[in-house]
Amino acid sequence: MLTMTAAAARRTALAAQGFAERRPAGTPSRRTVLKAVNRTGLLQLDSVSVAVRAHYMPVFSRVGGYDRDLLDAAAWRHTSAKPRALVEYWAHEAALIPVADWPLLRWRMRDYADGRWSGERRVLDRNPTLGRDVLDVITEVGAATAGEVERHLRIAPREPRGTWWGRSDTKVVCEQLFSAGALSVDRRVAFTRHYDLAERVLPPDVLATRLDEPDAVRELVRRAARALGVATEADLRDYYRLSAAQGRTAVAELVDDAALVPATVRGWDEPAYLHVDARIPRRAGGTALLSPFDPLVFCRPRTERIFGFRYRLEIYTPAHKRVHGYYVFPFLLDGELVARVDLKADRPADVLRVPGAFVEDGHHPGEVADALAAELRAMANWLGLSDVAVGDRGDLAADLAARV
């Protein structure tokens, strides 16, 4: 049984996520962007855009100021010269994943054949032919939004609103067909999904790939282990939202195959597993602002275990009860989470706003502020904003304002 210190485990996790390497000099290329995505295995999608869409930020955190159009093109444009490299599906949550990984989630598509949740099933029950109607429209007209599908149908007055955030029944059915693998996402325009038949979005060899569920799940756990470096069984399951039974079986088989090395990490309450190819750097590295949905921190129990950093997203907390702010980014400095900053991209004012900034206990505010100011300026430049404006909330605000 391998024994690791907590510090070694933290360094391993950072290296696995791409933070042990220097950011590339110059403007990152498509190849560099896709290398970063392939390292994490997924980019979580989220509709909140108060600072920047969630899927863009993890790449910036790892490679610096890249052209976001490179990621858009990789996910939502396809040409013979540059085939689609990424595709949307339910991975950790809704996410971009490498196209080649889509077959690994076919078992989930089968599970979702009759709806991903009870609200979808109720919509399907009261609209037994709507799924076929939606497929017929998209087959005929090509990629379309749910609203465009509704306009093409015109078979009756607009159907009652669905129960999922006020979505129409047509939108709910489009989402169900996406979850079941019949539809995929050809492109997004203003972040709105344009659905198309999966067979027109994905290449034939990917569509033809079939794996038994145990084999697919084992491969997902292998990918999670590679992305995490060292992890508990619960961490490995969380990465692709697997069940406890799936995780236990897959981890045991990967240990038998020597793909995972059982380990004891000092200070961890649960057994750990080290990916056989994981690097254990001698020194911690990585300085970056992290999206709330970054794969390094989206598993909150793991974040607390590895970094001693208790992190909760406060978007749904009433404003007067928020501790740190609406959309708070942890700040990674030399491999430690040392601060958190509430961020907002105020595009009309051409400013990246920092309503609040807070330093973690045990870290020098001046040193943290120096590094954080540089990262904020880099982020503002990447977003095309001319200035950074720091508010007065938090014990780091004054030091930070003096440096930006």
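We number each residue from 1, following the sequence as shown.
Closest approach of Ala100 and Val206 over heavy atoms only: CA-CG2, 4.5 Å. When all heavy atoms are compared, the tightest approach of Asp399 to Pro365 is OD2-CB, 3.7 Å. Scanning all heavy atoms of the two residues, the minimum distance from Ala357 to Val341 falls at CB-CG1, 3.8 Å. Pairing each heavy atom of Val404 with each of Ala373, the nearest pair is CG1-CB, 3.4 Å. Minimum interatomic distance between Val99 and Pro203 (heavy atoms only, all atoms of both residues): CG1-CD, 3.7 Å. Of all non-hydrogen atoms in Ser291 and Val297, the two that sit nearest each other are O-CG2, 3.6 Å.
In this structure a side-chain-to-backbone donor-acceptor pair under 3.5 Å is missing from Thr249 to Gln246. The backbone N or O of Leu385 lies less than 3.5 Å from no partner atom in the side chain of Arg347, so there is not a single donor-acceptor pair. Listed for the Asn38 side chain is a donor-acceptor partner under 3.5 Å among the backbone atoms of Leu34. With Arg31 contributing its side chain and Pro28 its backbone, the two residues share no donor-acceptor pair below 3.5 Å. Using a distance-only test at 3.5 Å, with no hydrogens or angles considered, a donor-acceptor pair links the side chain of Glu314 to the main chain of Val323. Side chain of Arg108 to backbone of Tyr89: no donor-acceptor contact under 3.5 angstrom is found. Judged purely by atom type and a 3.5 angstrom limit, Gln17 uses its side chain to pair as donor or acceptor with the backbone of Ala227. With hydrogens and angles disregarded, no donor-acceptor distance shorter than 3.5 Å links the side chain of Asp238 to the backbone of Arg241. Between the Gln44 side chain and the Ala54 main chain, no donor and acceptor come within less than 3.5 Å of each other. Not a single donor-acceptor pair under 3.5 Å links the side chain of Arg106 to the backbone N or O of Gly181.
The distance from atom CG of Leu124 to atom CG of Leu130, rounded to the nearest 0.5 Å, is 8.0 Å. For the atom pair CZ of Phe358 and CZ of Phe331, the computed distance is 16.0 Å after rounding to the nearest 0.5 Å. A distance of 9.5 Å separates CZ of Arg226 from OG1 of Thr40, quoted to the nearest 0.5 Å. Here the CG atom belonging to Asp111 is positioned 6.5 Å from the CH2 atom belonging to Trp107, to the nearest 0.5 angstrom. In this structure, the separation between CH2 on Trp102 and CG on Leu202 is 5.5 Å, given to the nearest 0.5 Å. Residue Asp101 holds its CG atom at 11.0 Å from OG1 of Thr209, rounded to the nearest 0.5 Å.
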Can Leu352 and Asp346 be said to form a side chain to side chain contact (heavy atoms under 4.5 Å, CB included), step by step? CA-CA 6 Å; Leu352 178 62; Asp346 186 346; over 6 Å; no
Verdict with supporting geometry, Val351 and Ser386, side chain to side chain contact (heavy atoms under 4.5 Å, CB included): CA-CA 6 Å; Val351 170; Ser386 298; over 6 Å; no
Tell me, with the steps shown, if Asp72 and Tyr56 meet side-chain hydrogen bond (donor to acceptor under 3.5 Å, both in side chains). CA-CA 9 Å; Asp72 290 344; Tyr56 292 125; 2.6 Å; yes
Going through the distances and angles, do Arg223 and Leu104 end up as a side chain to side chain contact (heavy atoms under 4.5 Å, CB included)? CA-CA 11 Å; Arg223 278 162 165 69; Leu104 297 176; 3.6 Å; yes
Please report the C-alpha distance between Asp235 and Arg305 in whole Å, then the side-chain angles of each, then the deciding distance to 0.1 Å, and finally whether the salt bridge (Lys or Arg N to Asp or Glu O under 4.0 Å) criterion is met. CA-CA 11 Å; Asp235 296 341; Arg305 187 187 327 115; 2.8 Å; yes
Apply side chain to side chain contact (heavy atoms under 4.5 Å, CB included) to the pair Leu211 and Glu219, showing each step before the final yes or no. CA-CA 10 Å; Leu211 296 94; Glu219 192 56 39; 5.6 Å; no
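Ion pair Arg77/Asp69 flagged as a salt bridge, since at least one NZ, NE, NH1 or NH2 atom sits closer than 4.0 Å to an Asp/Glu carboxylate oxygen. Asp186 and Arg193 are not joined by a salt bridge, as no carboxylate oxygen comes within less than 4.0 angstrom of a charged side-chain nitrogen. Between Arg132 and Asp136 a salt bridge is recorded (basic side-chain N to carboxylate O distance below 4.0 Å). The pair Arg188-Glu88 meets the salt-bridge criterion, since a charged nitrogen lies less than 4.0 angstrom from a carboxylate oxygen. In this structure, Asp387 does not pair ionically with Arg377, as no charged nitrogen and carboxylate oxygen lie closer than 4.0 Å. Between Arg62 and Asp294 there is a salt bridge, since a side-chain N of the basic residue sits under 4.0 Å from a carboxylate O of the acidic one. Glu304 and Arg300 are not joined by a salt bridge, as no carboxylate oxygen comes within less than 4.0 angstrom of a charged side-chain nitrogen. A salt bridge does not link Arg121 to Asp114: none of the charged nitrogens lies less than 4.0 Å from a carboxylate oxygen. Between Asp196 and Arg187 there is no salt bridge, since none of the side-chain N atoms of the basic residue sits less than 4.0 Å from a carboxylate O of the acidic one. By the 4.0 Å N-to-carboxylate-O rule, Glu253 lies too far from Arg222 to be salt-bridged with it.
Inspection of the Thr287 and Glu375 side chains reveals no N or O donor paired with an N or O acceptor under 3.5 Å. There is no side-chain donor-acceptor pair under 3.5 Å between Trp268 and Thr232. Donor-acceptor pairing under 3.5 Å is recorded for the side chains of Tyr195 and Glu175.
Side-chain rings of His92 and Phe298 approach one another, their centers coming within less than 6.0 Å.
Counting heavy atoms of neighbouring residues, nucleotides and ligands inside a 6.0 Å radius, atom CG of Asp269 does not exceed 12 of them.
No cation-pi contact links Arg340 to Phe329, judged by a cut-off of 6.0 Å to the six-membered ring centre and 45° from its axis. Under a cutoff of 6.0 Å and an axis angle of 45°, Arg116 and Trp90 form a cation-pi pair. Geometrically, Arg302 does not engage Tyr239 in a cation-pi contact, judged by NZ or CZ lying under 6.0 Å from the ring centre and within 45° of the ring axis. Relative to the ring axis of Trp382, Arg68 places its NZ or CZ within 45° and under 6.0 Å from the centre.
In summary, of the residues considered (Leu71, Ile97, Leu42), a side chain to side chain contact (heavy atoms under 4.5 Å, CB included) with Leu86 occurs for Leu71 alone.
Between Tyr311 and Phe309, the ring planes lie tilted relative to each other; the angle falls in the 30° to 60° range.
Under the 4.5 Å side-chain criterion, counting only non-hydrogen atoms from C-beta, Val338 is not in contact with Val359.
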